[in-house]
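One structure below.
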Protein chains: 2
Amino acid sequence: MNGAQALIRTLVDAGVDVCFANPGTSEMHFVAALDDVPEMRGVLTLFEGVATGAADGYARMAGRPGATLLHLGPGMGNGLANLHNARRGRAPMVNVVGDHARAHKRLDAPLESDIDAVAGTFSAWVRRSLSPADVAADAVDAVAAVSAGGIATLILPADVSWEEGAAVAEPRPSRPAPRVAPPVVEEVAAVLAGGEPTVLFLGGNTVGEDGLLAAGQVAAGTGVRLMTETFPARAARGAGLPDVARLPYPPEVAMKALAGTRHLVLAGATAPVHFFGYPGVPGHPVPEDCTVHVLSEPGEDGVAALRALADLAAPGAEPQLLEASRPELPTGPLTPRAMSAVIGALLPERAIVVDEAITSGVGIMELTSGAPRHDWLALTGGAIGDGLPMALGAAVACPDRPVIGIQADGSAMYTISALWSYAREQADITTIICDNGSYAILQHELSRVGAAGDGERAAKLLDIGGPGLDFVSLAQGMGVPATRATTAEELADQLRTALAEPGPHLIDAVLR
Amino acid sequence: MNGAQALIRTLVDAGVDVCFANPGTSEMHFVAALDDVPEMRGVLTLFEGVATGAADGYARMAGRPGATLLHLGPGMGNGLANLHNARRGRAPMVNVVGDHARAHKRLDAPLESDIDAVAGTFSAWVRRSLSPADVAADAVDAVAAVSAGGIATLILPADVSWEEGAAVAEPRPSRPAPRVAPPVVEEVAAVLAGGEPTVLFLGGNTVGEDGLLAAGQVAAGTGVRLMTETFPARAARGAGLPDVARLPYPPEVAMKALAGTRHLVLAGATAPVHFFGYPGVPGHPVPEDCTVHVLSEPGEDGVAALRALADLAAPGAEPQLLEASRPELPTGPLTPRAMSAVIGALLPERAIVVDEAITSGVGIMELTSGAPRHDWLALTGGAIGDGLPMALGAAVACPDRPVIGIQADGSAMYTISALWSYAREQADITTIICDNGSYAILQHELSRVGAAGDGERAAKLLDIGGPGLDFVSLAQGMGVPATRATTAEELADQLRTALAEPGPHLIDAVLR
């Protein structure tokens, strides 16, 4: 058995059985070994940023590591932005990065670069497999290292793949997340009993169904306000769950949302900070006289901590739950809000929404809050270009659930070739392009930062309307059926049709 | 004057006046300052890999640094693959990478990542500007550091951009490349006088017109064979120059090309190594009993060294020059060789050819060798996806010269949004897509590496034909006029038309 065969078999035994790949010469034995281990599903992408973003979306929905296969340093580099997003969202992931054969390494061949150094910047675990005899054990360590989230990067020299002498290694039993010690819960309960204005700030693993219901019980029994981080990796939403607002993105609005708060209790989230610093604005929205308490750190069992807190601070309280409700289908001009209303009106049960709408998602949270239960994936690390790939990964993880991507136009272009993989996999994904012909958020930011110049040359660097991008043409060029909607009615009709048919669809929503 | 204004003015004064940009929030003051320094041309790209590849192509043709503007770590990550290619080709480049404001840095905001560590892997020079008072001097150092090639990365905190208190700094006079010491030339002349089988191996700055003519004189007077590295950054070619073969890419063919060579004299090139290691194949093509001599290192004045060698070893010898000649226009099926013949038959004078044809460029070197004088840009670092962006940069550097991109289909998809920038800039670029519906080189490599599996699952990861990519649709979706050629005659007609009209054109050459 060669190294590649042992590696793939070991990964499959450890529960890692989907690999988003963009291989090159140094990965050819890994590719060949896919025929020996048919349980490993290889999903081809045309660009590594699609592979890493898909692994991110897959991990968020499958709750198990997604794997990638990347070609040396440059291939890993192409995947870096979405590896960043995955790191910030604590998605479990195993990257296999092919490298030169050991004897070739010192020759400084054209593709030589410092893979280890770059991998170290985003990985919780990095190892270079140095012998076929070790590679399976290395893979076991990689999977174990990310059981509570994080990225493991296994650098795989080509000859470690191709040489014989490898053997499959046993997976390690998965280790449950650590529990929060009871005194921590008691201390938070005491804070809540004080009756001062308090926000229970949820994130990470506490914004699933169980966490939200426990938090709802705490709120019902103590009067604390619930809030989630601005961009949770995966949030359960819809009728039957507590209504939990997100911390808003704009600094001033976020500061207003937390104004008067005396205690901020973190559950699975870190203390909020603004995305960017601005002249004359504090770096975070937490009021100066607010004390921050940590109920659970990311990676700890936050749901158990919330349940313990509910038992202690709000025994028997009934959480207030959202009634089923949908907006009316709008008519007329296709404004961003009308787009959000159409989505809210038609969102199917068990949908997975991948949200990279950026500025175009006006009212989207409120207009979908009473829709049937669904999951919502947000951009965790701020590196745009994760939306289209994440939808691919989510669809691969959950082939029986409809995936809806709400995708800003500028962001779509970073990883547009994801559409080709949609078509190839016949993934059930409906992509709605928020087509406003600009980097609208940057036009907003240009004014925000207090920059003096608002002249023509600056504006030209933020305008993507010249020439206009024809997303229908782009989608069709990659095998995805596509239509264009210019009114609310057209969007509703096209969305209904797209959701009724299996496979990928793209709707270019021309916003005004 | 704020930091951004001083930075841009200083760059312009130092001769860096084109910036390929994909900015974000942290770069908004740089963007705003473009209105204050109109001599700096900002070229918007939709993806950072296009910006870095364009800066590479620009630098190769302009002979001055291209600049990029990138958004924090993830934006730089998106540009990493083409930064790798630029590094391997020694293109001079100045990256400006925006970062969080200094006070925001420690808050670990979502976009926080280790920019410095990643930049260190590809940059010859890295600095973080820590004050508006320093930023202009930092820019001067950056430009000076890459005067002989290489990448300088200046990390620019947002508040260093926006704060006042900056001042323009004077550029440093450019420093000529160091000269090779006379004893080195004499030693090589002595080797040549020995009359043993010798190859003069050219690369880097010696494959321009002057270097080739001097090398041709050496060959005429001494009988040494001339050869260039496999993928020179920029090679002068065509009628009136010596006929210098490239070292072939496949290991066995490269070894054959150098078989029997007793002395390999390097001029501007490093000693050749194979792109990849293969089971049972040596890592490089240099015969065991061959001695390697260094006439000039990359970065030294290789042309002066070749001239000195010519004076010493071959005084008065007349180089053998290529006669003007073109292949006949082929007819019938559009094979890769027919495509090459069409290009050879129609290549206009002073064309810039950007070659990322990979496996499809069958016979292209031989079929264009007698064409009118042109420059040829190759993929220096092996990271595919540089072709489309490099053509953009070359066209910006040389607006009066036609640019022809010969582009493999799989490679095109890494940076396909370059086409949008072609349309926006109305760049005079004709892109010929070598459309064979596969990663043909990997199908070849899969057999090469001796991998056993050639089963269906492995093959599926190398086939990009399902669904087929419609490059006409993709190009039109980004505003580039496009046609499809399925015969040699159609390709010739369409290429003639495209070359006759200004602005970008794409031809999808469906190869069989």
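Note on naming: letters A, B, ... go to the chains in the order of the sequence lines (proteins, then strands), and numbering restarts at 1 for each one. Bear in mind that the values here come from a model prediction, so they are computed numbers and not experimental data.
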**OP:** May I ask you to decide whether B:Arg457 forms a salt bridge with A:Asp36, counting only side-chain N to carboxylate O separations under 4.0 Å?
**Re:**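 No, B:Arg457 and A:Asp36 are not salt-bridged.
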
**OP:** Check whether any side-chain N or O of A:His84 sits under 3.5 Å from a backbone N or O of B:Pro110 as a donor-acceptor pair, and report yes or no.
**Re:**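 Side chain of A:His84 to backbone of B:Pro110: a pair is present.
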
Original post:
Are any side-chain N or O atoms of B:Asp35 and backbone N or O atoms of A:Ala458, one a donor and one an acceptor, separated by less than 3.5 Å?
Top reply: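 Side chain of B:Asp35 to backbone of A:Ala458, a donor-acceptor pair under 3.5 Å: yes, one is there.
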
Highest number of heavy-atom pairs under 4.5 Å with chain A: which of [options]?
options	value
B:Ile416, B:Ile384, B:Val472, B:Val273	B:Val273
B:Arg87, B:Glu112, B:Met76	B:Glu112
B:Tyr414, B:Phe47, B:Phe471, B:Phe231	B:Tyr414
B:Leu34, B:Val480, B:Leu46, B:Thr121	B:Leu46
B:Ala109, B:Gly479, B:Gly75	B:Ala109
B:Thr380, B:Val31, B:Asp114	B:Val31

Subject >> Side-chain heavy atoms of A:Thr45 within contact of B:Met413, under 4.5 Å >> reply: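 Of all side-chain heavy-atom pairs linking B:Met413 with A:Thr45, none is under 4.5 Å.
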
**OP:** Measure the shortest side-chain to side-chain distance between B:Asp463 and A:Leu44 over non-hydrogen atoms and say whether it is less than 4.5 angstrom.
**Re:**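 Result no, sub-4.5 Å side-chain heavy-atom pair not found.
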
Original post:
To the nearest 0.5 Å, what is the distance between SG (B:Cys19) and CG (A:Leu461)?
Top reply: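 Going from SG on B:Cys19 over to CG on A:Leu461, the span is 8.0 Å.
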
Side chain, backbone, both or neither of [X] within contact of chain B (heavy atoms, under 4.5 Å):
X	value
A:Ala21	side chain
A:Asn82	neither
A:Val43	backbone
A:Val37	backbone
A:Leu72	side chain

[X] versus chain A, the contacting section by heavy-atom distance below 4.5 Å:
X	result
B:His71	side chain
B:Thr230	neither
B:Phe30	neither
B:Leu69	neither
B:Lys105	neither
B:Asp108	both
B:Arg424	both
B:Pro282	neither
B:Asn78	both

Which of [options] touches chain B most, by non-hydrogen pairs under 4.5 Å:
options	result
A:Ala101, A:Ala117, A:Ala103, A:Gly381	A:Gly381
A:Gly89, A:Gly42, A:Gly77	A:Gly77
A:Leu469, A:Asp470, A:Leu111	A:Leu111
A:Glu48, A:His284, A:Arg41	A:Glu48
A:Leu462, A:Leu80, A:Leu474	A:Leu474
A:Asn22, A:Thr415, A:Asn2	A:Asn22

Original post:
Given B:Phe276, which of A:His104, A:His29, A:His100 fulfils the ring-ring contact (aromatic ring centres under 6.0 Å, His included) condition?
Top reply: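 It is A:His100; the other options fail the test.
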
Original post:
Is there a side chain to side chain contact (heavy atoms under 4.5 Å, CB included) between A:Val118 and B:Phe122 once you walk through the steps?
Top reply: CA-CA 10 Å; A:Val118 175; B:Phe122 61 79; over 6 Å; no

